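From a predicted model like this one, the values you see are computed outputs, not experimental measurements. A, B, ... follow the sequence lines: proteins, then strands. Residue 1 opens every chain.
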There are 2 protein chains.
Amino acid sequence: MPTPSRTSLDRIVRAGRTILDTEGLDSLTMQRVAVVVGVRAPSLYKHVRDRAELVRLIAGDVERELGAAMDAAATTGDPRGDLHAIAHAFRAYALAHPGAYALLFARLPDAWRLDPDPGSRTFDSLFRTVAALSGPEHVLEAARTVVAWASGFVGMELAGAFRLGGDIDAAFAYGVERIADAIGTGARQAAGPPP
Amino acid sequence: MPTPSRTSLDRIVRAGRTILDTEGLDSLTMQRVAVVVGVRAPSLYKHVRDRAELVRLIAGDVERELGAAMDAAATTGDPRGDLHAIAHAFRAYALAHPGAYALLFARLPDAWRLDPDPGSRTFDSLFRTVAALSGPEHVLEAARTVVAWASGFVGMELAGAFRLGGDIDAAFAYGVERIADAIGTGARQAAGPPP
DNA sequence: ACCTGAACACCGTTCAAGT
DNA sequence: ACCTGAACACCGTTCAAGT
């Protein structure tokens with residue numbers, strides 16, 4: 001007689017996510033997940049191909065969460081205000097869920113990487129906001145400049161790389177303003193005729 | 001009779017660095033290092049406290065190398081040209097030595113982190129160049145904006161996070177120009193009286 | 001159909017024993 | 001003083017055997 005499942009993919013992914021958030025990626029082992037869901041490690045392989053697939057499933061959830069947090073922030077009605085709000089939401093998410101955040105922006109083994117999803121809407125509100133500031137021509141470059149700066153800032157903050165002290169919150173606020181100026185300026189220069 | 005050392009700290013660090021560059025951090029194990037230097041893994045503990053210390057020693061070398069590469073690039077005589085050259089040298093180093101680069105800018109276990117070194121001159125030429133563009137008042141914030149952007153850009157590139165295609169070299173060049181505008185603009189605004 | 005213990009090939013690290 | 005094999009506590013993963 002077939003035995004009913006004692007666990008499920010959903011419970012496994014949620015258990016993994018909890019361990020990731022509380023103890024970090026190194027502690028997210030098959031054995032720890034197995035203990036949480038109440039089976040032995042080998043049983044997990046009936047639900048998930050291997051550890052890399054589990055990490056990818058969790059990363060997908062994280063990507064949707066981060067996207068929703070940024071969407072929810074972009075409500076000031078003013079592009080510059082929205083950019084500030086989105087950047088702030090991005091940083092707040094990363095600081096609140098550093099382990100989860102690392103799944104999206106840290107360099108991980110190729111097998112752990114999220115499959116490129118052309119339908120991903122993660123950065124939609126950011127793209128719209130950037131387009132309003134930069135004009136349509138250089139949206140992609142401008143958006144990449146914003147995301148590169150924000151992810152670099154947060155990455156250094158999480159890595160403890162700001163070793164010269166100073167006010168980190170103020171440095172972030174300074175950065176948003178300068179970046180907002182920059183992508184606006186860049187668009188105006190690019191749109192005009194060459195001198 | 002005391003046995004003379006069959007290996008040395010220097011050879012161990014160099015072996016570790018070679019493995020890191022060719023196969024990545026995950027392959028930098030005590031056992032692999034031991035094979036390269038020609039002893040058994042337990043013998044390494046006579047020269048190095050643990051794996052974390054070995055990683056920190058390698059990270060120190062890497063930091064000096066990266067600093068030297070940026071110093072060597074800052075020779076155009078023009079601050080804006082120097083900024084471009086330093087940013088390019090930073091990216092080139094990271095792409096050529098992704099494993100080594102990750103030791104400085106990836107989120108790693110605390111024990112692997114380089115001790116803060118107040119005497120570190122790694123970013124000296126960048127600071128001088130940024131100061132020439134931003135004025136003295138906001139050098140720290142401006143330099144952090146540059147490093148955050150550059151490390152974020154390179155981190156996303158190495159992580160395969162630029163999933164929308166496009167010309168990555170062009171996006172980097174676009175970014176340097178916008179950032180150079182940004183920190184100059186910011187300094188002028190900050191220096192003037194409030195409106 | 002699912003779960004299990006046992007096994008295999010790895011880790012980092014400690015330690016008593018050899019030279 | 002240095003190096004060694006053996007041991008311990010972990011990994012991920014496979015697989016035959018149980019229900």
Side-chain angles (χ1 to χ4, degrees), chain A residues 1-20 22-59 99 102-103 106-113, chain B residues 1-59 99 102-103 106-114:
Chain A
M1 199 216 299
T3 326
S5 245
R6 211 167 300 176
T7 183
S8 68
L9 181 58
D10 192 58
R11 285 185 43 153
I12 290 169
V13 171
R14 281 213 303 270
R17 176 62 198 275
T18 301
I19 296 170
L20 177 68
T22 54
E23 301 173 58
L25 186 54
D26 287 350
S27 297
L28 173 50
T29 67
M30 298 304 268
Q31 325 233 8
R32 298 276 285 98
V33 170
V35 169
V36 174
V37 302
V39 298
R40 304 288 177 161
S43 304
L44 299 176
Y45 293 82
K46 286 290 165 188
H47 299 93
V48 91
R49 173 192 286 274
D50 53 20
R51 185 171 176 240
E53 184 179 282
L54 176 55
V55 171
R56 270 186 271 116
L57 287 168
I58 297 173
L103 252 38
R107 223 163 45 84
L108 298 173
D110 287 7
W112 297 11
R113 219 170 269 172
Chain B
M1 199 214 301
T3 325
S5 247
R6 210 168 298 178
T7 184
S8 68
L9 182 57
D10 192 57
R11 287 185 42 154
I12 290 169
V13 171
R14 283 213 303 270
R17 176 63 197 275
T18 302
I19 296 169
L20 177 68
D21 275 339
T22 54
E23 302 174 56
L25 187 54
D26 286 350
S27 297
L28 172 50
T29 68
M30 298 303 267
Q31 325 231 9
R32 298 275 286 98
V33 170
V35 169
V36 174
V37 302
V39 298
R40 305 287 178 162
S43 304
L44 299 177
Y45 292 82
K46 286 289 164 187
H47 299 92
V48 91
R49 172 192 288 273
D50 53 20
R51 186 173 176 238
E53 184 179 283
L54 175 55
V55 171
R56 270 186 271 117
L57 287 168
I58 297 172
L103 252 37
R107 223 164 43 84
L108 299 172
D110 287 6
W112 297 10
R113 219 170 268 173
L114 224 40

Which heavy-atom pair separates [X] from [Y] by the least distance, and what is that distance?
X       : Y        : value
A:Ala52 : A:Ala111 : CB-O, 3.8 Å
A:Ala15 : A:Val36  : CB-CG1, 3.6 Å
A:Leu28 : A:Gly16  : CD1-CA, 3.5 Å
B:Leu25 : B:Arg51  : O-NH2, 3.1 Å
B:Glu53 : B:His47  : OE2-O, 4.5 Å

Hey, what do you get for [atom1] ([X]) to [atom2] ([Y]), rounding to the nearest 0.5 Å?
X       : Y       : atom1 : atom2 : result
B:Leu9  : B:Arg11 : CG    : CZ    : 12.0 Å
B:Arg14 : B:Ile19 : CZ    : CD1   : 13.5 Å
A:Arg17 : A:Leu54 : CZ    : CG    : 12.0 Å
A:Arg49 : A:Arg56 : CZ    : CZ    : 8.5 Å

- request: Assess whether side chain to side chain contact (heavy atoms under 4.5 Å, CB included) is satisfied between B:Leu20 and B:Leu103, documenting all intermediate values.
  value: CA-CA 10 Å; B:Leu20 177 68; B:Leu103 252 37; 3.6 Å; yes

message: Applying a 3.5 angstrom cut-off to the pairing atoms, does DNA chain D sit in any stems of at least three consecutive Watson-Crick or G-U pairs? List them by first number.
response: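 Stem list for DNA chain D: C:4-8 with D:12-16, C:12-16 with D:4-8.
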
Expressed as a whole number of angstroms, how long is the span from [X]:[atom1] to [N]:[atom2]?
X       : N      : atom1 : atom2 : result
B:Arg51 : C:dC11 : CZ    : C1'   : 9 Å
A:Asp26 : D:dG12 : CG    : P     : 11 Å
A:Met30 : C:dC3  : CE    : C1'   : 14 Å
A:Leu54 : D:dT13 : CG    : C1'   : 14 Å

- prompt: Does anything in residues 9-24 of chain B reach DNA chain C, meaning a heavy atom under 4.0 Å, and if so which residues?
  reply: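 Those residues: none at all.
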
field: pair A:Met30-A:Val48: side-chain heavy atoms closer than 4.5 Å
entry: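 A side-chain contact under 4.5 Å exists here.
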
task: May I ask you to evaluate whether B:Arg6 reaches the phosphate of D:dT4, defined as a side-chain N or O under 4.0 Å from OP1 or OP2?
output: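 B:Arg6 to D:dT4 OP1/OP2: side-chain N or O found under 4.0 Å.
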
query: Which is true for A:Thr7 with a 4.0 Å heavy-atom rule: it touches a base, it touches only sugar-phosphate, or it touches nothing?
result: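 Sugar-phosphate contact only - A:Thr7 comes under 4.0 Å of backbone atoms but never of a base.
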
message: Can you list, in residue-number order, the parts of residues 31-48 of chain A that come under 4.0 Å of DNA chain D, counting heavy atoms only?
response: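 Those residues are A:Gln31, A:Pro42, A:Tyr45.
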
